[in-house]
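Written out below as structure tokens is the structure these notes cover.
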Amino acid sequence: MGIAAILVTVLCMCSLSLSAPDGDSKVGDPVDAAPTEIPETQGKQARGDVPEEPEPTSPVSDFDNTYNYILSRLSAMDQAIHRLNVGHYTLDVKVTQLVDRVSQLDGTLGEVQDTMQQISLLTKENRKEIGRLEGCQKGRRVGYKCYLIYRTYETYPGAAQKCMERGGRMAMPQDRKEQEALAEYVKAFFQPGNWPVWLGINDLRSEGLYLFEDNTRVTYFQWRKHFLSSQPDGGKRENCVAMASDDGDWWDNYCDRNMYYLCEFDA
């Protein structure tokens, strides 16, 4: 019991000594409280010197950024498609105009071709008429026919074509009278030389069957008869007939041989 009382007494005394004021202060004097410091920033805010900071906004998410990018790209694509449609429409209009112009040009070209054909026909007709007039003015008239010699070298088919273009045909002596008149004209034309000239007679269709150019059968012949050379002697190789200018006799020849030719025209 005595030791416990002593310990209690010591603890009480220590407690009093810790809670007692300084030696200069008296019991009962007010104790100055330590001044409370106010933060500097709070003071400045109270005076209005520092502006209030805005509240931070929440950052945009990656999904929003992607969504906005896609929208911008779609808008750009829409504008490009619009420009493409405008260009396509413009091109379509120009193509339509071009097709119309081509159609007009085609119509004009058709008219020009028709005109050229008419001119060609008129030219051929005029050439034929000129040929007929020339044949009777420059050549020899025998009955209802006019004969004219052309001193240009032609094959038998070429001579036939030339006579037809001039409005006539190759000479076709139908009888002895025409043959003698034609022989006299040819001899006088080439005298003193001797030149063969094509007549409109051949056996191209069948060997030995001689026809005129109008496909009528030849009934009068003036073949050369000589013990050294009797005509015709060419067989199937020589199928076209020419007249010798010195005596008027007929000779069979190769049809592709070039020589002068005789045309006849209706008087």
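As the structure is a computational prediction, the values presented were derived from the model and not from experiment.
Counting only N and O atoms by type, the side chains of Gln161 and Glu165 include a donor and acceptor under 3.5 Å apart. For the 3.5 Å distance criterion, the side chains of Thr155 and Asn258 fail to qualify, holding no donor opposite an acceptor.
Under the 4.5 Å side-chain heavy-atom criterion for ILVMFWY residues, a single connected hydrophobic cluster contains both Val142 and Phe212. Trp223 and Val218 end up in the same hydrophobic cluster when Ile, Leu, Val, Met, Phe, Trp and Tyr side chains are linked at under 4.5 Å. Tyr147 and Trp195 fall within the same hydrophobic cluster, defined by Ile, Leu, Val, Met, Phe, Trp and Tyr side-chain heavy atoms under 4.5 Å apart, directly or through other members. Both Val241 and Phe221 sit in one connected hydrophobic cluster of ILVMFWY residues. Membership requires side-chain heavy atoms under 4.5 Å apart, directly or through other members. In the hydrophobic cluster analysis, where Ile, Leu, Val, Met, Phe, Trp and Tyr join through side-chain heavy atoms closer than 4.5 angstrom, Tyr254 is grouped apart from Ile201.
Gln174 places none of its side-chain heavy atoms less than 4.5 Å from the side chain of Tyr220. Using a 4.5 Å heavy-atom threshold, the side chains of Gln231 and Asp249 count as separate. When side chains are defined from C-beta on, Leu182 counts as touching Leu199, because their heavy atoms get closer than 4.5 Å. Using a 4.5 Å heavy-atom cutoff, the side chains of Asn65 and Tyr69 are not in contact. For the pair Arg101 and Leu105, the minimum side-chain heavy-atom distance is 4.5 Å or more. With a 4.5 Å cut-off on side-chain heavy atoms, Tyr150 and Arg166 count as touching. In this structure, the side chains of Gln179 and Met243 come closer than 4.5 Å at one or more pairs of heavy atoms. Between Asn202 and Cys240, the closest side-chain pair of non-hydrogen atoms falls below 4.5 Å.
Judged by distance alone, with hydrogens and angles left aside, the side-chain atoms of Ser75 form no donor-acceptor pair with the main-chain N or O of Leu71 at under 3.5 Å. With hydrogens and angles disregarded, a donor-acceptor distance shorter than 3.5 Å links the side chain of Thr66 to the backbone of Asp62. Distance alone, capped at 3.5 Å, places no donor-acceptor pair between the Asp246 side chain and the Asn194 backbone. Counting only distance, with no hydrogens or angles, the side chain of Asp78 and the backbone of Leu74 share no donor-acceptor pair below 3.5 Å. With hydrogens and angles disregarded, a donor-acceptor distance shorter than 3.5 Å links the side chain of Glu264 to the backbone of Met172.
Atom CZ of residue Arg141 and atom CZ of residue Phe265 lie 13.5 Å apart, to the nearest 0.5 angstrom. The line from CD1 of Ile149 to OH of Tyr185 is 4.0 Å long, rounded to the nearest 0.5 Å. Taking CD of Gln222 as the reference point, atom CD of Glu178 lies at 13.5 Å (rounded to 0.5 Å). The CD atom of Gln97 sits 10.0 Å away from the CG atom of Asp92 when rounded to the nearest 0.5 Å. From Asn85, atom CG reaches atom OG1 of Thr90 across 10.5 Å, with rounding to the nearest 0.5 Å. The distance from atom CG of Asn126 to atom CD1 of Ile119, rounded to the nearest 0.5 Å, is 11.5 Å.
Closest approach of Met170 and Gly200 over heavy atoms only: CB-CA, 3.5 Å. The nearest pair of heavy atoms linking Met259 to Pro196 is CB-O, 3.9 Å. Taking each heavy atom of Asp252 and Gly235 in turn, the nearest pair found is OD2-N, 4.3 Å. Closest of all the heavy-atom pairs between Trp251 and Arg224 is CZ2-CD, 2.7 Å. Minimum heavy-atom separation, Phe189 to Arg151: CE2-CD, 3.2 Å. Here the closest non-hydrogen pair linking Gly143 and Ala267 is O-CB, 4.4 Å.
Among Arg132, Lys145, Arg169, the single residue meeting the side chain to side chain donor-acceptor pair (under 3.5 Å) criterion with Asp266 is Arg169. For the ring pair (Phe, Tyr, Trp, His ring centres under 6.0 Å) with Tyr260, the qualifying choice from Tyr156, Trp198, Phe190 is Phe190, the only one to do so.
The 12-atom threshold is not exceeded at OH of Tyr67, counting heavy atoms of other residues, nucleotides or ligands nearer than 6.0 Å. Under a cut-off of 6.0 angstrom, the local environment of NZ in Lys225 is crowded, with over 12 non-hydrogen atoms contributed by other residues, nucleotides or ligands.
Here the two rings, on Tyr210 and Trp250, have centers that are 6.0 Å apart or farther.
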Determine whether Lys187 and Asp247 satisfy the following criterion, side chain to side chain contact (heavy atoms under 4.5 Å, CB included), listing intermediate values before the conclusion. CA-CA 7 Å; Lys187 183 177 181 179; Asp247 55 12; over 6 Å; no
